[in-house]
Amino acid sequence: MTPTDCPPADPPPIGAVLVVGGGIAGIQASLDLAEQGFKVYLVESRSAIGGHMAQLDKTFPTNDCAMCTLSPRLVETGRHLNIEILTNTEVLSLDGQAGNFTARLRRKPRYIDPLKCVGCGDCEKVCPIRLPDEFNEGLVPRRAAYRLYPQAIPAAYAIEKKGVAPCRDACPAGQRAQGYIALVREGRYADALRVIKEDNPFPGICGRICNHRCELACNRNLVDEPLNIHALKRFVADWAYARPREPVQPVPHTRPERVAIIGAGPCGLTAARDLVSLGYAVTVFEALPVAGGMLRVGIPEYRLPAWIVDREVQDIVDLGVELRLNTTVNNLDDVFAEGFAAVLIAVGAHEGRKLPIPGADLPDVLVNTQFLRDVRLAELDDGRRTRADGQASVAGRRPSTREQIEGKRVLVLGGGNVAVDCARTAVRLGAASVALACLEARAKMPAHVEEIEAAEAEGVTLYPARSFKQIVSEAGRVTGVACVDVTFMQFEPDGTLTLETAPGSEHVIACDTVIFSIGQRAGLAFIPADAGVGVTRQQTIAVNPNTFAATRPGVFAAGDATTGTAFVIEAVAAGHKAAASLHRYLSGEPLEPRFAPDLPVVKLTRPEVEARLARGEVRPAPRVPMPRLPVERRRGSFAEVEQGYDEAQARAEAARCLACGLCSECLSCVYVCGAKAINHDEVERVEEVGVGAVILAPGYQAYTAALAQEFGFGRYPNVVTALQFERLLSASGPTSGHIRRPSDGAAPRKIAFLQCVGSRDQTHDYCSSVCCMYAAKQAIMAVEHAKVEGRGGQVECHVFFMDTRAYSKGYEEYYRRAEQKYGVKYHRCRISALREDPATRDLLVRYAESEPWTADRGQPSLKTDHCSLTTDHFDLVVLSVGMEISESVRKLGRDLGVELDAYGFCHTTLFAPLQTSRPGVYVAGPFREPKDIPESVTEASGAAAAAARQLAPARHTLTRRRDYPPERSVDGEPPRIGVFVCHCGANIGGYLDAPGVAAYARALPGVVHAEANLYTCSQDTVAHLIEQIRTLGLNRVVVAACTPRTHEPLFQDTLRQAGLNPYLFEMANIRNQCSWPHAGDWDGATAKARTLVRMAVARAAELEPVQTSSVPVQRAALVIGGGAAGLSAALALAEQGFPVHLVEREPELGGNLRRVFYLAEASRRLPVTSGPPDPQTFLQEIVSRVRDHPLITVHLSAELADTAGFKGNFVSRLTDGAEIRHGATIVATGGVEYRGPEYGYGQDPRIVTQQQFEALLAGAHLPAPGLVVMIQCIGPAEKFCARLCCAIALKNALKLKALNPQAQITILYRDLRTYGFKERLYTEARRQGVRFIRYEFDRRPVVEIPAPQSPISVHVWEPILGQDIRLRPDLLVLSTPVVPPPGARELASRLKVPLDADGFFQEAHPKLRPVDFASEGLFLAGLAHYPKFLDETIAQAQAAAARAAGLLAQASVRAEARIAVVDPARCVGCLTCVRACPYDAPKVSAAFNGVGGIAGAAFIEPALCRGCGVCAAECPARAIQLRHYRDAEMLPKIEAAFKSQAPPPEASLVRA
Amino acid sequence: METHTTEDAATTPAGDFGERGPEVNIVAFCCQACAYAAADLAGALRLEYPPAVKIIELPCTGKLDVLYLLRAFEAGADGALVAG
C-alpha cells in the first residue's frame, strides 16, 4: 500500500498550499508542507520573512538567542526548492473550494530584482532617504533602500516607495525633484546634478525660469508653503558651474543614420542630446547666430544670464552634436537630399503678434519677441551694435530698440510672463515710465505673481482688465492706447474669447511706445504647401501627439511649433519624447510608444500631514526666502535679480521636503548597483495561483501604545514598548545591545515594566498570554546586561502586574528565578499615574504599595496602612504591550470569507482548533488566539497536517527535484584547486586588495587557477564557475567571499552541477570575518584575507568526496497512547494514507477525555454555528473513526516492550507480542490527575478533586451544595504551574452557578492564570459573584475537619481585609494538577528520550521544536508533553502527525554527510564514545573486531549520528574520524593559519 | 625576528604583516551554530577587532581536539579562543 492510496477526489486536488504570513508559524507550516511533498507559496507582506520572532533578542525560558534559533529556519525556507517566497505580497481574494482554490495576489514592487540582487548593500549606503526603521520599532532611521534586518531572507534588498512624488508627477518632463532635493539635503550636489540631468539637460535654466508646476503640487502646501524646488535646482547648477568645467566626453556614433534637427531651442537640443547619446549623428540647424532659442533671445538677461544658456548648450554640443548656426532651412527636401534619415522640426514660436487695431502698424508699436530678441542680440555685440540684424535691419529707417525705449513712456499690452519680461526690460533700458495693460483682472493674469510683484517693485504700473480699441497717435507718433474696462472675460475651449466691457468706460492710457505681447507662433515659412507636412489652422505643425510624427514620413515635429507657446519644461519633455519616437522610427519599431502603466501618485491627505506634525516628524517652517538684488540696483542694469541660495539656505530649504514618495528616485542606487538589479519603473501586479488549501498565519500586531495616553508613550521619550526594549537588548539592535534610554542615551538604573497594556482592560477582554513571561525575560536580561557592562548588576527592575501568568513548561521556575536570583521586584497592582520630570526626563510612577504578607502578620486590622500610595522615580518605563489583530489582517479574513470575532481573531472550534469557518482554509498562531512561539509552531505543523490530509492524493504532483550530472571521480588525482575571490561589490573589494589576494592564491601549492569576481554568487558568475571547473579540470574549489553559513549550500550545489562531489569545496570568509570587521585597515585586512585563503587552500587540498547512504523508509507510524492526542495523531496520519499502529495500555480508547463532560467555550464567536461543545460526542466520533479506519491497527491493553532502530526504520515489540516496523514514533501517553494527601484529600467524601467534582456536576443527582470552596495550586503544582487548573476551576464554578445560581463559591488562588480567551471565564465568574481570595505559600489555607459529620473548616488570610477568615464549605474542591502517568519514566528509558524535572517528556527545543524529540523520528503530543487544554492537545497531535508525515513521505532517508566513522582496527572498545555521545549513536558490538582482531569494537549508526564530532575528539585511540572534518583536513588548515605550506629553508633555520 | 616585505607567496611568513611588525596571533575555534554565526554578525555590525584573529569553524566545540590546540601553538599561535 502506498501512502497516497486515498480515494481520488473529484476533481483531483491541487498539490499546492498557500501559506499567508512569513513569521515563525508560516515558516514552520511551509517547511512541513514542502517536506511532505507539496508546493508552497509563502506570502509575506513585508520584504522579508521572519516576523516578530526575528525582532526578539532572547526567548524564555531558555534565554536562547531568538535569531540564532530562527536563522537556520530562514535559510532552509529560502533555499527549499518547493517553497516559493512571495514578499511584498497580499492576498486579495480566494475563489473556488477546498482542494481547488484560486488565490489572487497583489504583488507590490520591491524595485530590486531578488534574482539579481546579491545583497551587497551598496544601494543602502548611497540612499539619501531616512525612514523610521520598523524592524527596530522606529528607534533609529533606515534608508529607503534597505534590508529588513541583516539575516533577512530573501537576502535581497528592497526599496520602499509609496509611489511617484507629486512634484515629479506634475512635471511634464518627469523631473525627479524629490530625488535631487534629498541629495541637496545630504550635501551631495554632484549627485544631485547628475539626477537632474537625467530628465532635464537645463538645470541652470529651469532652476531660474521654469514655471515650476511641481511647487503647486507640493504636499508641503498642506503644512505651510511649498518647497522652493526650482531654487534648489538652480542652487545645484550654480554650485556645479562655480567649479571648473569637466570636459564632456563625446559619444561615439554607433548608428549609421544621421538626424537633422531644425531649431536649437530647448526642445531641439533635448532631442539632440538624447539621440546623440543613442549613437546617432545629429546636426542641429539654427537660423539665429546663437543657440538656445527663446531661452537665449526671448528671456531677458536679468532673469536668465546668457552664460548659463551657453554653458548648458555647450554640454550638449560637446557630446558630439553638430551645430550649424545662422543656417535657415528653407526646404525640407534639401535636408533629406543631404542624407539625413529623419528630421525633427523644433523651431519654436518666435513670431510675435499684434492686435489688428487701428494704429498697430505705427513705427513705435513693437512686438514682444522681436523686441526682446533685439535687446538680447544687441548685447551680443557688447553694446557696440545698436541695431539688431535680420528683419529689423531691413527696415533700415527704424531707430534702435534702445532709442525707442530710453526716456519714453512705454506701455506693454499683455498679461503673460513675456509681457512682464518686456516691461521689466523696458525699465532697464531707461524708459521714463513703464506700464502694463492687459485683458485679465489682476488676479487672473497669466504671469507669475512673483514676476508681477517684481515688476511693480521696479515701478511698472499695472492697468489690468482693459480691452484695447485703438493706438492713438499724433503725426505718426504714438500718444496712447484707447481702452475700455473689461467686466468679464473668458477663453472658450475652442480658443474664442467671450468679452464683456463696461459701457462708457473708454479712456486713453498715455504712452510713447507700445509693445504688443499677446502671444507668439511658429514661423513656418520654410514649409511650402507642397512639402507634405500638414499645418493646422493655428499655424502649428500637425503631428500625432503620441509619436510627434508629422504627415510626411521621416518628419517629426515637437515643441512650441506644434503646440503653440508653452513653457520650457514642456519643450524639454517634448524633446525627450520626440527623440524616443525618432529612435523607434529609425529602428524599424512600431512608432506608438509602448504602453506604460500609470504609476501611483502620492497625495498626502491633511490628516496624514497632521499626524506627522503631531508626531514631530514634520515641523512648520516657512520657505527660505530667495535673496534678490535690491530694487534700486535693478534699473538700468541687466544684472540677475534673483541671487540664488547659498549652501546653508539650500540645505535648510531641502530639509523641508516631506519625502512624499519615501524613495525619492534619486537613482543613486541605480548608478551604484553593479548587479544591475534595480528597476524603479517596476509596477504592482496581480497574479493568480492555484492551491488546494490555505493556511493563515498572519500573526499579530503589538497594541498601539500611543492609544493608552495615560502611559505617555509618544510624549515621554523614556517610555518604550516591549518590542522597542527587545531591540535595545539585541546585539544587532540600534544600541548594539547596550540598554540606553532614548532621551539622553544614558544607561538606565531603574526600569519599570507595566503589564497588561492593551490586555485585560476595558477594550480587551482577553489576556495576551506572553507579556508576563517576556517582561520577566526582559528584566532578567536587563540585569544580565548591567553585569556584563561592569556595573555589578546595578539595574533595578520593577514589574507592575495583576497576575503572573507563568503557565507553561518551565515558566514558573523562570519567573521565580527573575524574582529570587535577579532581584526583580514584583508589585501586584496597576499604577495610578505616570508623569515625566521635565528636567531629568525621568518618570514618576505612582502606585499603591501593598505589603500584606510580612507586616502586621496575624493582626486583624482594618487599617489601610498596608496599602499606601507611593511615588517612585524610574529611568525607563517599558510597556508590556499585548497582541491585537491588525486592520489589514481583519480585511484579509473578511476577503477570504473566514469568520472573525469582534477583535478580529479567527474563529475556530475546540474540536477543530485549526479549521476556519471556510473548508480548506486553516489557521495557526496568534490570529486564532494570543499565543507564544511554541504554540504557534505547533499549530503551524498541525495546520500543515490538516492541509496535507486533504491534499494527500496530490502529494508530489507539483514539487520539483533538481537533477545533477553524474559525479566525476577525483580518485588518485593530485589537487587541482580553483580559487575564486569575490569583491562583493565594494563590501570586500572596497576594504582589501581582492585581485592581490587572487594573485597570492595563484602561487599556493595545488592551486591551478585563481581569479577575482565582482559578485561570485551572481547567476552569471555561478555559470562561469561551472564552466571553469569543467574546462580547467578543477577537482577542488575555494571561494573567498562571505560566510559559508549563507552561501556554502549555493556553491556546493554549483559543484554538483559541474559534476563534482559537493564536499570538495571550501570557503574563506573574507567578508563577515575580514573586510567588515577590519574595514579601516586595508593592509591588515588584505594580509588576513591571504591567510584565510591559504588556510582554505590547505584544507581543500586534503578534502575527500563524501558519499551519503540512504535507507528506505518504513512508511508506517507507531502511536503510543489512545487518548485525545493519540487518536487525533493516528487519524491525521491514516487519513493521509500512512498505516498507523495505535497502542493503548488500557482496554479502552479515550484516555482522560472519557472523564471530561463539558467544556467551557471561551472564544467569542459571532454567529453560533454549532451546538454547545460536547466532549463525549466528539470522543465517540473519533473513536469510531479510528476503529473503522482500514489503515489503523489498534492494540488495546498493550504497551511498548522495546524498540530499536533509527528514523525511518524502527522495529518495536509490544507486550502483546506484536512486532511492528515503522518509520516514526509518536508518544502520546497522556497524564493523570494528581491525588495526594494535601488539604485533607482522602479523609472526607466532601473533599474532592476537580475531575470528581465535574463528574458530580455532570451527574443528575448533585446534592446542591450551598457553599463551595476551591483551592488552587495543590501538591506538585506548588512547584510547576499545571496550566489547566485555573480554567477548570472556573469552568466548574460557572457550571455550578448555572445549575444552582444560589451557590456561593470561593476560590482560593495564588495567580489566576486564565491566559488568552480564558480570561473571559474569569471575568464571567466575577460577574456571577464567585469570590476570589489570594493566598501565598507561606500562608496556605488550613483545612480542618473536627469530626466526620461536622462542617469542614477552611482558614485563610484575607489580604484585603488584612485578617484571617474562616469558611465552612459544604464541598471542598481541590484543583489538583495533571502529572505524568505511572510508567512514563520506563517508557522514556525504552525510547531513550529525556524527561524534564517534573517528569514530562522533554521536547527537542522548547521554542522551535515543540513536538520533536532530540532523537530523530520520535515525536510527542498531548499531556505527555505538558498539561494542556483539549484544543491545544488536538493541535499538537496534528503537529506531531505532520512532523512524522514529513519523514514518512520520503521514499528514503539520507544519512548526514558529516558523520563519525570508526576505524575498528584502532578501537579498543573503551566505551568513551558511547558515554560522550549525546545521541546514543555509538555502540560497542562483538560483531566488530577491534585492535588486534579482538572482538568488541565501536560502531556508529550513520542514521543516528548528528555529526557533532564529540566522539572523535574524545576517542583516546584516535579511532574515530568525523567525515569532512577529518584530522587530515583540519590540521593543515590550523597550521596554515600561521605558516605557509612550504616555508623556505632559511625560515626554518630562523625558527630552529 | 626577521620581517618580510616581499609579495612572494611561497616565502611569506606567518601572518603576512610585513612591516607592521610582530603581531599577536590568535586562533579562534568557533561552533558553527553559535560563535561562528556571532562572528559573522559582528562583521555585519562592523564591530572591530584586530585582524590577527583567525576563526576556524567547527561543527561543535565538542569537536575541538586537544591536538588542534597543540598543533596551533606549535605552528606559532600566541593564543587560542574557544567559543561555542
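Chain identifiers are assigned alphabetically (A, B, ...) following the order of the sequence lines, protein sequences preceding nucleic acid strands; residue numbering begins at 1 within each chain.
Rounding to the nearest 0.5 Å places OH of A/Y1525 at 5.0 Å from CD of B/Q32. Put simply, CG on B/L47 and OG on A/S736 are 6.0 Å apart, with the number rounded to the nearest 0.5 Å. Atom CD of B/E57 and atom CE of A/M1067 lie 11.0 Å apart (nearest 0.5 Å).
In this structure, the portion of B/L64 lying under 4.5 Å from any heavy atom of chain A is its backbone and not its side chain. Of the two parts of A/R1518, only the side chain, counted from C-beta on, holds a non-hydrogen atom closer than 4.5 Å to a non-hydrogen atom of chain B. Heavy-atom distances place the backbone of A/A731, and not its side chain, under 4.5 Å from chain B. Using a 4.5 Å cut-off between heavy atoms, A/E1514 does not touch chain B at all. Both the backbone and the side chain of A/I1534 come within contact range of chain B, judged by heavy atoms closer than 4.5 Å.
When the candidates A/A1079, A/P1044, A/P150, A/G1507 are compared by the number of heavy-atom contacts under 4.5 Å with chain B, A/P1044 comes out ahead. Interface check for chain B: of the options A/P1077, A/A1460, A/A1085, A/G1509, the most heavy-atom pairs under 4.5 Å are formed by A/P1077. Of the listed residues B/T61, B/L58, B/L45, the one with more heavy-atom pairs under 4.5 angstrom with chain A than any other is B/L45. Heavy-atom pairs under 4.5 Å with chain B were tallied for A/C1508, A/S1075, A/A1476, A/A1512; the largest tally goes to A/C1508. Your options are A/C1042, A/S732, A/A1089, A/C1511, and the one with the most heavy-atom pairs under 4.5 Å with chain B is A/S732.
When all heavy atoms of A/N1069 and B/Y36 are compared, the closest pair comes out as ND2-OH, 3.3 Å. Between B/A33 and A/R1045, the shortest heavy-atom distance links the atoms O-NH1, 4.0 Å. What you find for B/K63 and A/A1513 is that their closest heavy atoms are O-CB, 3.5 Å. B/G43 and A/W1076 get closest at one heavy-atom pair: O-CB, 3.2 Å. In terms of heavy-atom proximity, A/F1538 sits nearest to B/A77 at CZ-CB, 3.4 Å.
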Does A/M1095 form a side-chain contact (heavy atoms from CB on, under 4.5 Å) with B/I56? I'd like the steps, not just the answer.
CA-CA 9 Å; A/M1095 290 161 66; B/I56 292 180; 3.6 Å; yes
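For the pair A/T1091 and B/K54, the minimum side-chain heavy-atom distance is below 4.5 Å. A/R1458 places a side-chain heavy atom less than 4.5 Å from the side chain of B/P59. The closest side-chain heavy-atom distance from A/Q151 to B/L41 is below 4.5 Å.
Judged as a ring pair (Phe, Tyr, Trp, His ring centres under 6.0 Å), the pairs with a partner in residues 46-67 of chain B (not counting sequence neighbours) are, in order, A/H1078-B/Y49.
Take A/A54 and apply the side-chain contact (heavy atoms from CB on, under 4.5 Å) test, not counting sequence neighbours, and it matches A/M67, A/L70, A/F135, A/Y149.
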